[in-house]
Amino acid sequence: MQRGSDRLSVHRDDEMKHELQGLLRSGHPTRTEEWHDPEPSADDDPEVANGPVTPGRDPSSLDTVRLELARTLGRGDFPAGPRELMRALERRHAPDALVEALDRLPRKERYHNVQELARALTGVRETETA
């Protein structure tokens, strides 16, 4: 029993379902605003598809480690020592490889930004990146 609170009649509702059926089954985005659709990855994005980031492989991984740290940590997390940063990474569900790498850093060190932390994790000195 209908109570008359529908905005559209039953016939119009069925007609609209029929019109949308092709769009819904097509597999293409149905949104009219393009900004809702996810963007594909860029050509110059670092390669992280082969699993979690593992710091210390080679100096070229500095960019990858810095990117992964920047995704997880914010400006408010610095300056901090390894223990505080480990807790922040764990709270935000960072890859275990990053948390374990922080555990190997000297306890008394303080890091002021993601760049310093990434250099310490990968073992790259400041003169090597210039």
**Student:** To the nearest 0.5 Å, what is the distance between NE2 on H93 and CZ on R91?
**Tutor:**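 Reported to 0.5 Å precision, the distance equals 10.5 Å.
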**Student:** Once rounded to the nearest 0.5 Å, what's the spacing between atom CG of N113 and atom CG of D77?
**Tutor:**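 If we round to the nearest 0.5 Å, N113:CG and D77:CG are 12.0 Å apart.
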**Student:** About how many Å separate CG of L67 and OG1 of T72, when rounded to the nearest 0.5 Å?
**Tutor:** 9.0 Å
**Student:** Test salt bridge (Lys or Arg N to Asp or Glu O under 4.0 Å) on E84 and R87; report intermediate values, then the result.
**Tutor:** CA-CA 5 Å; E84 298 160 306; R87 284 193 293 270; 5.2 Å; no
**Student:** If you look at every heavy atom in R119 and L62, which pair is closest and at what distance?
**Tutor:** N-CD1, 3.8 Å
**Student:** Is the number of heavy atoms from other residues, nucleotides or ligands within 6.0 Å of CZ (R107) greater than 12?
**Tutor:** yes
**Student:** Does the side chain of L98 reach to within under 4.5 Å of the side chain of V65, using non-hydrogen atoms?
**Tutor:** yes
**Student:** Of all heavy-atom pairs between V114 and A70, which one has the smallest distance, and what is that distance?
**Tutor:**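 Residues V114 and A70, closest heavy atoms: CG1-N, 4.0 Å.
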**Student:** Working to the nearest 0.5 angstrom, can you tell me the gap between L121 CG and L105 CG?
**Tutor:**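 Reported to 0.5 Å precision, the distance equals 5.0 Å.
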**Student:** Looking at every non-hydrogen atom in both residues, tell me the closest pair between F78 and H112 and how far apart they are.
**Tutor:** CB-O, 3.3 Å
**Student:** Return the minimal non-hydrogen interatomic distance between M86 and L102, and the atom names on each side.
**Tutor:** CG-CB, 3.4 Å
**Student:** State, to 0.1 Å, how close P106 and P82 come at their nearest heavy-atom pair, and which atoms those are.
**Tutor:**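 Closest heavy-atom pair between P106 and P82: O-CG, 3.2 Å.
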**Student:** Find the distance between CG (D96) and CG (D103) and round it off to the nearest 0.5 Å.
**Tutor:**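 Between atom CG of D96 and atom CG of D103 there are 12.0 Å.
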**Student:** Between E68 and R71, does any side-chain N to carboxylate O distance fall below 4.0 Å?
**Tutor:**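 Result for this pair is yes, salt bridge flagged.
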**Student:** Rounded to the nearest 0.5 Å, how far does CZ of R83 lie from CG of L85?
**Tutor:** 12.0 Å
**Student:** Give a yes or no on whether the backbone of H11 and the side-chain of D14 come within a donor-acceptor separation of less than 3.5 Å.
**Tutor:** no
**Student:** Taking the side chain from R110 and the backbone from P79, do they hold a donor-acceptor pair closer than 3.5 Å?
**Tutor:**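 Yes, R110 side chain to P79 backbone: donor-acceptor pair under 3.5 Å.
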